[in-house]
Amino acid sequence: MIPTRRPPCPDPLARAPRAAAPSGRPTDWLRLPPPSLQGALVALAGRDTRGLHLDDVQRLSHFPSSPLVTLSWFRDVDVGQVRQGAHGVEWQPFGSPCVVSGTQADPCTSWAPTTGHGCMALFRADAAQALFGLDLARIQDRFVPAADVMDAAWTPFWDALRASADADLIDVLERHLARRWQALRGRDSGQASLRQLGRHWVERLAWQAHEWRREHSPRHVERRIKSFSGRSLREWQAIVRTEGLFFAARDRHDAGQPFDWAAMALDEGFADQAHMTRAVRRITGFAPAEFARRFVDDESFWMYRLWV
């Protein structure tokens, strides 16, 4: 059998202009969770490039490091992760139309050799663990076929997601997850905004650490936090602090104000501008000024524009 040759993948740092959206049809969208899934589902996002004329670089997608667990599904497209390998840039297809990815310590890039349709449901890590029985350590910093880490009983759920129109996806999520989530939660609580959810997750971890310190040594508590959540409390706090910087920068941009990086660094809790620059580079792969330019101009930063 002759092996299938993988198409060449562009340099993940290459730039390409934003593509013109077809008249009357949004290419990218983001939806907040319904009340029945508050506290579990953080957001639902999608991208449909079918019918667009995108070059290889425009079919890249950049994503930040994240404290969330993501369930992604695709139609009419073969998506995979871009990595810098021993022999240069390598593209590794996910090998499944439905993929689970765990929390990500570093920014990542995906690519597809064609245009197509893809969606992602973003969950709080603890909620995804409870809902789907996931082993967070097994999926941390990885993209894994859903069938490899979720019980086969979830197959109708994956099939329904892939078969449904974008407008019906919230209904699918509610139908398959709401009753289970409410049973796990016991009762509903106050609604949190998308901007607050990451902070709430870290605050919950900090409170859990505080409770554990009554009975265990600091070293033991740190091990328990890492086992419970997949990362140290300091790592979670760094991700959330940097996300706050993104929101502050977006507010300044929308108001037509110049970026005062030194002042913003102090306002968002960084020791200084150098500390902020290191954190932003770790989360996104770019220095703050370069990230800001790409956020505004580059097609591949569509997820950042939706999220922030």
Side-chain angles (χ1 to χ4, degrees), residues 9-10 12-21 25-33 41-50 52 54-75 77-83 91 94 98-112 115-125 128 141-143 161 166 169 193-195 197-198 239-240 242-247 249-250 253-254 280-286 288 290-308:
C9 175
L13 298 181
R15 302 190 64 178
R18 292 178 67 170
R25 181 175 72 86
T27 303
D28 319 317
W29 52 264
L30 180 74
R31 294 183 192 141
L32 298 180
L41 180 68
V42 176
L44 181 65
R47 178 169 171 83
D48 189 353
T49 59
R50 293 173 295 186
L52 297 185
L54 303 182
D55 62 28
D56 283 351
V57 180
Q58 287 175 315
R59 293 196 302 276
L60 290 168
S61 289
H62 287 278
F63 301 89
S65 62
S66 172
L68 303 176
V69 169
T70 302
L71 178 65
S72 304
W73 58 98
F74 312 101
R75 289 201 299 267
V77 65
D78 191 11
V79 182
Q81 189 172 12
V82 180
R83 294 182 179 275
W91 177 64
F94 294 145
C98 191
V99 178
V100 174
S101 55
T103 62
Q104 302 289 319
D106 300 303
C108 59
T109 305
S110 68
W111 183 71
T115 56
H117 177 274
C119 298
M120 58 183 74
L122 301 104
F123 294 90
R124 284 176 42 166
D141 295 319
R142 297 181 61 203
F143 292 82
L161 289 172
D166 291 348
L169 289 174
S193 71
L194 181 61
R195 187 167 181 170
L197 282 168
I239 289 174
V240 169
T242 307
E243 186 177 64
L245 176 68
F246 296 157
F247 285 117
R250 177 61 182 268
H253 177 267
D254 289 346
V280 172
R281 190 182 294 277
R282 175 172 176 77
I283 298 299
T284 70
F286 303 93
E290 174 72 1
F291 174 82
R293 285 193 293 270
R294 289 173 176 259
F295 178 93
V296 173
D297 297 331
D298 284 25
E299 177 66 19
S300 62
F301 276 56
W302 63 271
M303 184 60 186
Y304 285 96
R305 288 188 290 271
L306 281 179
W307 187 254
V308 178

Between V280 and L245, is a side chain to side chain contact (heavy atoms under 4.5 Å, CB included) present by the stated rule, with each step listed? CA-CA 9 Å; V280 172; L245 176 68; 3.4 Å; yes
Which atom of [X] lies closest to which atom of [Y], heavy atoms considered:
X    : Y    : answer
P107 : T284 : CG-C, 3.3 Å
W91  : D78  : CZ2-O, 3.5 Å
A105 : D141 : N-OD1, 2.7 Å
R47  : D28  : NH1-OD1, 2.7 Å

F291 vs F246 aromatic rings, parallel, tilted or perpendicular, using cut-offs 30° and 60°? parallel
Fit a plane to each ring of F143 and F94, take the angle between them on a 0 to 90° scale, and name the class: parallel (under 30°), tilted (30 to 60°) or perpendicular (over 60°). parallel
Does some side-chain heavy atom of [Y] sit less than 4.5 Å from a side-chain heavy atom of [X]?
X    : Y    : answer
L71  : V99  : no
T109 : R83  : no
V100 : T70  : no
F286 : R294 : yes
T103 : L68  : no
S110 : F63  : yes

Residue from C108, P10, P12 passing side chain to side chain contact (heavy atoms under 4.5 Å, CB included) with V82: P12
[atom1] of [X] to [atom2] of [Y]: how many Å apart, nearest 0.5 Å?
X    : Y    : atom1 : atom2 : result
I283 : S66  : CD1   : OG    : 9.0 Å
L122 : L41  : CG    : CG    : 7.5 Å
M120 : S61  : CE    : OG    : 7.5 Å
W29  : L306 : CH2   : CG    : 9.5 Å

For [X] and [Y], indicate whether the former's side chain and the latter's backbone hold a donor-acceptor pair under 3.5 Å.
X    : Y    : result
Q58  : E299 : no
Q104 : G102 : yes
H62  : W302 : no
T49  : G116 : yes
D55  : V57  : yes
R305 : F295 : yes
D48  : G118 : no
R59  : W111 : no

Has H117 got more than 12 heavy atoms of other residues, nucleotides or ligands less than 6.0 Å from its NE2? yes
Count the heavy atoms belonging to other residues, nucleotides or ligands that lie under 6.0 Å from CZ of R15, then report whether that count exceeds 12. yes
Please step through side chain to side chain contact (heavy atoms under 4.5 Å, CB included) for the pair L44 and L169, ending with a clear verdict. CA-CA 9 Å; L44 181 65; L169 289 174; 3.7 Å; yes
Is the closest basic N to carboxylate O distance between D254 and R250 below 4.0 Å? yes
Quick one: do R18 and D297 make a salt bridge, cutoff under 4.0 Å? no
R75 to W73, cation-pi by 6.0 Å centre distance and 45° axis angle: no
Could you walk me through whether F301 and M303 pass the side chain to side chain contact (heavy atoms under 4.5 Å, CB included) check? CA-CA 6 Å; F301 276 56; M303 184 60 186; over 6 Å; no
Check the pair C98 / L161 against side chain to side chain contact (heavy atoms under 4.5 Å, CB included), numbers first and verdict last. CA-CA 9 Å; C98 191; L161 289 172; 5.6 Å; no
